[in-house]
Amino acid sequence: MEQKNLGTKDFIQDDYFEKGNIKLKVRETVVVVLLWLILLYPILAIINSYSPFPLWKFIYHFSSKESEAFTDYCGTVLVLGFGLMTLCSTFFLLKNNHNEKYGFEKETLYDVEKCAAREVLLDEVYEKRFGTRNFRENAQFYVVAPEQNLPNGYIEGKFKKRGLEIK
């Protein structure tokens with residue numbers, strides 16, 4: 001994965017999703033499917049072994065007393081693992097929600113002075129192109145002339161000239 005051109009410089013390009021690259025797509029798809037099968041086979045074997053007869057003929061079926069203990073152990077590990085994962089996920093979700101609701105309100109994650117200077121600069125640019133703030137806020141309908149449209153990178157260029165670029 002790499003950055004390709006300036007038009008999409010903020011996006012990561014992945015060759016898998018580009019046109020062509022058939023070998024790459026086949027190789028990565030086969031690897032992912034095999035890894036999923038490796039992951040799912042033990043779980044399916046445990047499910048298959050809990051029934052008195054095999055549910056799937058192509059998956060191993062434990063049938064002796066010794067294997068019942070192993071199957072019970074593996075089932076317990078899976079249930080506890082799923083429960084622990086659910087508890088951890090819920091904890092991190094609640095912690096993140098708390099941080100968003102209370103923590104980020106107290107912390108300023110940007111430079112307040114630069115933000116105020118950017119707002120002043122934007123107000124100057126908008127006033128020059130579209131009229132006073134009072135006019136802009138009270139106009140119910142306004143048609144922007146083609147020459148009033150802002151060219152690409154115009155605002156970023158203005159920020160850069162005054163040393164207010166966003167990083």
Side-chain angles (χ1 to χ4, degrees), residues 1-119 121-122 144 149-160 162-167:
M1 290 188 285
E2 61 184 60
Q3 294 183 354
K4 292 249 175 161
N5 61 27
L6 295 177
T8 59
K9 68 177 185 172
D10 293 335
F11 298 108
I12 301 298
Q13 301 290 319
D14 188 352
D15 292 337
Y16 185 86
F17 297 104
E18 301 279 328
K19 287 186 178 180
N21 304 320
I22 303 295
K23 282 183 173 178
L24 174 72
K25 290 178 182 177
V26 169
R27 185 182 70 230
E28 286 191 13
T29 303
V30 167
V31 168
V32 167
V33 168
L34 287 175
L35 290 175
W36 272 106
L37 290 175
I38 290 170
L39 178 71
L40 291 177
Y41 185 80
I43 296 171
L44 293 176
I46 291 170
I47 292 170
N48 203 28
S49 297
Y50 269 118
S51 67
F53 56 89
L55 298 173
W56 303 286
K57 301 286 185 206
F58 60 92
I59 294 180
Y60 187 75
H61 176 75
F62 291 115
S63 59
S64 65
K65 287 286 183 195
E66 297 85 23
S67 61
E68 281 183 27
F70 178 71
T71 305
D72 289 343
Y73 172 75
C74 289
T76 304
V77 167
L78 286 175
V79 168
L80 290 177
F82 181 76
L84 184 63
M85 183 181 69
T86 303
L87 284 174
C88 289
S89 297
T90 304
F91 170 74
F92 286 126
L93 174 74
L94 293 174
K95 182 179 179 194
N96 187 50
N97 289 348
H98 175 74
N99 285 343
E100 283 188 16
K101 191 171 184 179
Y102 301 109
F104 294 143
E105 289 178 0
K106 295 175 184 170
E107 289 182 46
T108 304
L109 302 174
Y110 57 90
D111 186 349
V112 177
E113 293 169 2
K114 273 191 176 181
C115 184
R118 284 186 200 112
E119 287 179 4
L121 175 63
L122 284 174
V144 177
N149 286 331
L150 299 173
N152 290 340
Y154 182 76
I155 299 296
E156 290 87 354
K158 290 283 189 184
F159 285 168
K160 198 169 199 173
R162 293 211 189 160
L164 301 171
E165 63 268 5
I166 300 172
K167 296 178 183 176

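Positions are given from 1 along the sequence. What's counted below: heavy atoms across the whole structure, side chains too, no hydrogens, waters or symmetry copies. Computed from a predicted model, the values in this text were never measured in an experiment.
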Query raised in the report: CG of N152: more than 12 outside heavy atoms within 6.0 angstrom?
Result: no
Using the test side chain to side chain contact (heavy atoms under 4.5 Å, CB included), find all partners of [X] that sit at least two apart in sequence or belong to another chain.
{"X": "D111", "value": "E113, K114"}
{"X": "V112", "value": "T108, Y110"}
{"X": "T76", "value": "L80"}
{"X": "L122", "value": "Y126, I155, F159"}

**Report entry** Shortest non-hydrogen separation from E165 to R118 and the atoms involved
**Finding:** O-NH2, 3.4 Å
Query - Residue pairs involving residues 71-98 (criterion ring-ring contact (aromatic ring centres under 6.0 Å, His included); sequence neighbours excluded) - result: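 ring-ring contact (aromatic ring centres under 6.0 Å, His included) check on residues 71-98 returns H98-Y102.
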**Report entry** Where at least one partner belongs to residues 84-94, residue pairs that pass side-chain hydrogen bond (donor to acceptor under 3.5 Å, both in side chains), sequence neighbours excluded
**Finding:**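 Of all non-adjacent pairs touching residues 84-94, none passes side-chain hydrogen bond (donor to acceptor under 3.5 Å, both in side chains).
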Donor-acceptor pairs are to be reported for all side-chain atoms of residues 19-40 against protein atoms at under 3.5 Å, with residues two or more places apart or in another chain.
unit_1, atom_1, unit_2, atom_2, d
N21, ND2, D15, O, 2.7
K25, NZ, E18, O, 3.0
K25, NZ, G20, O, 3.4
T29, OG1, Y16, OH, 2.8
T29, OG1, K25, O, 2.6

